[in-house]
Amino acid sequence: QVKLVESGGGLVQPGDSLRLSCVASGRNFSRYSMGWFRQAPGKEREFVAAVAWNGGITATADSMQGRFTVSRDNGLNTIYLQMSSLMPEDTADYYCAAGRTTVTGPNTDDYNAWGPGTRVTVSS
């Protein structure tokens with residue numbers, strides 16, 4: 001059973017940058033795709049980004065292209081979400097997810113484990 005733990009959330013001002021981390025344990029991390037999702041208050045969970053098993057393929061939601069970058073370090077069993085030019089609309093709980101296969105996308109059914117989330121608040 002894979003266990004995921006996110007960190008790095010917090011309160012930031014509009015325009016700031018923030019890097020989220022997610023550490024995985026319990027299975028062979030490097031064999032599977034990983035993803036980031038977020039859920040704002042009163043809204044559905046939405047896809048943010050995904051990174052394939054070897055980091056060679058990434059996908060980012062259109063609305064976050066150019067501001068959010070996903071990456072992974074298989075030696076540390078960790079994925080990252082680098083966020084820049086943050087806006088109040090980015091306020092949400094951010095979740096790390098473990099994929100069922102080597103490459104995954106925005107469909108939540110492609111993931112079979114989720115972290116507890118880390119909260120990001122963007123406010124002046």
Side-chain angles (χ1 to χ4, degrees):
Q1 185 76 11
V2 64
K3 180 180 178 182
L4 306 173
V5 179
E6 304 95 337
S7 63
L11 172 63
V12 297
Q13 295 187 339
D16 283 353
S17 297
L18 199 63
R19 189 177 79 160
L20 306 182
S21 301
C22 171
V23 178
S25 61
R27 73 173 184 183
N28 192 330
F29 176 80
S30 63
R31 291 186 180 179
Y32 299 93
S33 177
M34 298 290 294
W36 287 100
F37 290 76
R38 72 183 185 183
Q39 187 165 16
K43 295 188 176 181
E44 294 187 354
R45 188 167 298 191
E46 67 173 337
F47 172 74
V48 175
V51 56
W53 66 284
N54 64 352
I57 301 172
T58 62
T60 306
D62 289 345
S63 62
M64 300 163 218
Q65 285 274 359
R67 298 192 302 121
F68 291 11
T69 302
V70 61
S71 62
R72 67 189 295 161
D73 186 333
N74 285 347
L76 296 177
N77 284 9
T78 303
I79 67 166
Y80 305 96
L81 183 67
Q82 179 68 48
M83 305 184 292
S84 61
S85 302
L86 284 163
M87 303 181 291
E89 305 89 277
D90 296 316
T91 295
D93 291 324
Y94 284 72
Y95 299 90
C96 168
R100 298 179 185 273
T101 61
T102 55
V103 181
T104 54
N107 190 339
T108 55
D109 290 341
D110 290 340
Y111 301 86
N112 58 6
W114 297 81
T118 185
R119 179 157 294 177
V120 174
T121 303
V122 184
S123 175
S124 55

Q.
Does R100 have more than 12 heavy atoms from other residues, nucleotides or ligands lying within 6.0 Å of its CZ?
A. yes
Q) Quick one: does NZ or CZ of R38 land under 6.0 Å from the six-membered ring centre of F68, within 45 degrees of the ring axis? A) no
For [Y], does its backbone N or O pair with a side-chain atom of [X] as donor and acceptor, under 3.5 Å?
{"X": "T91", "Y": "V122", "value": "yes"}
{"X": "S85", "Y": "G15", "value": "no"}
{"X": "Q1", "Y": "G26", "value": "no"}
{"X": "E6", "Y": "C96", "value": "yes"}
{"X": "R27", "Y": "V2", "value": "no"}

Smallest separation among heavy atoms of [X] and [Y], with atom names:
{"X": "T104", "Y": "S33", "answer": "OG1-OG, 2.6 Å"}
{"X": "P116", "Y": "V5", "answer": "CD-CA, 4.5 Å"}
{"X": "L86", "Y": "R67", "answer": "CA-NH1, 3.9 Å"}
{"X": "K43", "Y": "Q39", "answer": "O-NE2, 3.0 Å"}

Q: Could you give me the CA-CA distance, side-chain angles and deciding distance for M83 and V48, then say whether side chain to side chain contact (heavy atoms under 4.5 Å, CB included) is met?
A: CA-CA 11 Å; M83 305 184 292; V48 175; over 6 Å; no
Q) With sequence neighbours excluded, what pairs up with R31 under the salt bridge (Lys or Arg N to Asp or Glu O under 4.0 Å) test? A) none
Q.
I'd like to know whether I79 forms a side chain to side chain contact (heavy atoms under 4.5 Å, CB included) with C22, so could you lay out the CA-CA distance, the side-chain angles of the two residues, the decisive distance to 0.1 Å, and finally the verdict.
A. CA-CA 5 Å; I79 67 166; C22 171; 3.7 Å; yes
[Y] reachable from [X] in the ILVMFWY side-chain graph, under 4.5 Å edges:
{"X": "Y111", "Y": "Y32", "result": "no"}
{"X": "W53", "Y": "V51", "result": "no"}
{"X": "M64", "Y": "F47", "result": "no"}

Q | Option among Y95, W114, Y94 that satisfies the ring-ring contact (aromatic ring centres under 6.0 Å, His included) test with F37 | A | W114
Q: Starting from the C-alpha separation in whole Å, work towards a yes-or-no answer on side chain to side chain contact (heavy atoms under 4.5 Å, CB included) for S25 and N77.
A: CA-CA 7 Å; S25 61; N77 284 9; 5.6 Å; no
Q. Are a donor atom and an acceptor atom from the side chains of N28 and S30 found within less than 3.5 Å of each other?
A. yes
Straight-line distance of [X] [atom1] to [Y] [atom2], nearest 0.5 Å:
{"X": "T118", "Y": "D93", "atom1": "OG1", "atom2": "CG", "result": "8.0 Å"}
{"X": "W36", "Y": "T60", "atom1": "CH2", "atom2": "OG1", "result": "13.0 Å"}
{"X": "M34", "Y": "T78", "atom1": "CE", "atom2": "OG1", "result": "9.0 Å"}

Q) Would a 4.5 Å heavy-atom cut-off, applied to side chains only, mark L18 and D90 as touching? A) no
Q: Decide side chain to side chain contact (heavy atoms under 4.5 Å, CB included) for S21 and Y80; before the verdict, give the C-alpha distance in whole Å, the side-chain angles of both, and the deciding distance to 0.1 Å.
A: CA-CA 5 Å; S21 301; Y80 305 96; 3.4 Å; yes
